[in-house]
There are 2 protein chains.
Amino acid sequence: MKDDLIYGYIERLAALFRADARRAGGGKRLQPVQLEALHYLSICNRYSNTPAAVAEFLGLTKGTVSQTLRILQADHLIEKEIDQKDRRIVHLSPTERGRELVTRSIPPQRLQNAIGQLSEHTQDNIANALNLLLHNLQQANELKTFGLCKTCRYLRTEADQVHRCGLTEEHLHEDDTGKICREHTTAELPAPPRRGPRSRQPRPG
Amino acid sequence: MKDDLIYGYIERLAALFRADARRAGGGKRLQPVQLEALHYLSICNRYSNTPAAVAEFLGLTKGTVSQTLRILQADHLIEKEIDQKDRRIVHLSPTERGRELVTRSIPPQRLQNAIGQLSEHTQDNIANALNLLLHNLQQANELKTFGLCKTCRYLRTEADQVHRCGLTEEHLHEDDTGKICREHTTAELPAPPRRGPRSRQPRPG
DNA sequence: TGCCTAAGTATCGATCCGATACTACTTTAT
DNA sequence: ATAAAGTAGTATCGGATCGATACTTAGGCA
């Protein structure tokens with residue numbers, strides 16, 4: 001078992017990224033968690049941009065995330081909009097300022113320096129190894145995958161390149177299929193959609 | 001450039017580890033940073049177990065780390081001892097309780113679940129890919145490596161398996177060479193030891 | 001002796017974070 | 001139709017994180 005070794009490497013890399021995030025931030029100093037929340041909101045689709053989804057993604061409670069989002073909003077980095085169909089739900093979108101900040105800060109400069117020195121082939125190897133590890137970790141522990149919509153088993157592409165989500169039957173724009181979805185389910189998984197006690201329709205994209 | 005992808009994977013893995021660390025902790029709930037500090041102190045050699053080294057390793061300021069260590073000491077997870085040669089320096093060692101806690105919590109159960117399912121070969125691939133990435137990141141940004149003493153370019157092994165550090169000329173026990181050293185310098189690096197304006201002797205092990 | 005530097009601590013304020021309690025809204029059961 | 005249960009989100013409290021700043025103690029050096 002190489003778990004000690006692998007854990008050590010990832011912890012080390014993550015610590016360096018966090019230190020980077022702390023020192024960077026571009027003028028308006030953001031905390032690492034704030035930056036991660038902003039980052040998520042800039043790469044998720046329009047059905048996954050709610051406070052609850054951010055909390056799930058970051059592995060924090062919704063109360064904790066609520067404060068972080070309040071700060072981001074106060075700094076004019078995100079905007080809130082109430083869902084008209086279900087008025088309990090809030091949709092969050094990064095402002096232009098917010099998007100610029102994410103683009104400047106992620107990925108961190110140090111990582112770019114390092115990866116730029118590696119061959120395409122080596123980069124692929126690293127990306128594949130990490131993908132495999134993450135995928136295995138999520139599957140072994142039955143965690144949410146937060147994958148791209150276009151890799152979801154419920155995505156159907158019909159005639160004339162019309163995309164449709166098999167869970168909600170909704171039409172999807174091409175753009176949406178390249179973003180992270182909260183309801184993403186890995187294609188290889190034979191498991192059926194878990195329709196537990198909750199009868200609410202999931203809201204995938 | 002696969003940097004976006006690679007960053008995403010690592011950030012995701014680290015978030016899961018942190019969530020694990022928060023929920024675990026075994027009775028005495030430790031914060032993720034506290035656990036990481038305790039972990040470091042349980043794998044570093046006797047010359048790298050100071051507050052300053054912990055701060056360097058975690059990428060935090062010494063003031064911040066000082067508080068964390070105070071809490072660990074109050075919980076009887078570490079012990080402090082003043083260096084007799086330089087009485088400014090404090091040496092930190094985990095107590096028996098501290099060591100048990102680290103052993104229980106690191107690596108996290110979820111990672112063990114995931115890695116246990118992979119073949120030896122796949123585990124090696126992942127470990128190698130991460131090692132390469134981390135090594136490259138440290139070298140490209142001139143960061144401290146915090147590697148094992150036995151992989152340091154300054155380690156010399158003399159007759160009768162007597163180990164000696166080329167920087168301090170000190171004798172080293174076999175045990176020490178398997179631990180993390182603050183002054184570790186990667187073997188492949190042709191760079192000379194940086195003896196800058198500081199005239200202090202480094203304290204490798 | 002006196003100055004400089006280094007290791008470590010103390011304190012403050014902004015933020016993080018979970019726990020708890022609450023409001024507003026939707027869905028379900030009766 | 002109405003009550004009950006469940007969900008999304010917010011507010012507040014207390015302990016911890018974290019950087020900035022200022023400080024104490026100790027060693028190095030002229």
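Just so you know, these numbers come straight off a predicted model, no measurement behind them.
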From CD1 of B:Ile82 over to P of D:dT24, roughly how many Å is that when rounded to an integer?
18 Å
Write down the protein N/O and nucleotide N/O pairs, taken from nucleotides 25-27 of chain D, whose separation is under 3.5 Å; answer none if there are no such pairs.
unit_1	atom_1	unit_2	atom_2	d
D:dA26	OP1	B:Arg87	NH2	3.3
D:dG27	OP1	B:Arg87	N	3.0

Expressed in angstrom and rounded to an integer, what is the separation of B:Lys62 atom NZ from C:dT11 atom P?
17 Å
Apply side-chain contact (heavy atoms from CB on, under 4.5 Å) to B:Arg70 and list each qualifying residue two or more places apart in sequence or on a separate chain.
B:Gln67
In whole Å, what is the span from the CD atom of B:Glu81 to the P atom of C:dA7?
18 Å
What is the distance from CD of B:Gln73 to C1' of C:dT9, rounded to the nearest Å?
12 Å
Got a sec, which residues hit side-chain contact (heavy atoms from CB on, under 4.5 Å) with A:Gln73, two or more places apart in sequence or on another chain?
A:Ile78, A:Lys80
Taking the nucleotide of DNA chain C with the closest heavy atom to each, which residue, B:His91 or A:Gly59, is nearer the 5' end?
B:His91
From CD1 of A:Ile89 across to C1' of D:dT10 the rounded distance in Å is 16 Å
Taking only N and O in the side chain of B:Lys80, is any of them less than 4.0 Å away from OP1 or OP2 of C:dT9?
yes
Provide the full list of salt bridge (charged side-chain N to carboxylate O under 4.0 Å, His left out) pairs with a residue in residues 105-116 of chain A, sequence neighbours left out, each pair given once.
A:Asp20-A:Arg110
Salt bridge or not between B:Glu169 and B:Arg156? Use side-chain N to carboxylate O under 4.0 Å.
yes
Pair B:Asn113-B:Gln117, side-chain donor/acceptor within less than 3.5 Å
no
Salt bridge check, B:Lys85 against B:Asp83: does any charged N sit closer than 4.0 Å to a carboxylate O?
no
Rounded to the nearest angstrom, tell me the gap between atom CG in A:Leu72 and atom C1' in C:dA14.
14 Å
Do B:Leu72 and B:Leu30 have side-chain heavy atoms sitting under 4.5 Å apart?
yes
Between C:dC17 atom C1' and A:Leu69 atom CG, what is the distance in whole Å?
14 Å
Excluding sequence neighbours, so at least two apart, what forms side-chain contact (heavy atoms from CB on, under 4.5 Å) with B:His76?
B:Arg97
Counting primed atoms, P, OP1 and OP2 as sugar-phosphate and everything else as base, the B/S/- map of nucleotides 13-18 of chain D against protein heavy atoms under 4.0 Å is ---SSB
Parallel, tilted or perpendicular: which describes the rings of A:Tyr7 and B:Phe17, with under 30° parallel and over 60° perpendicular?
tilted
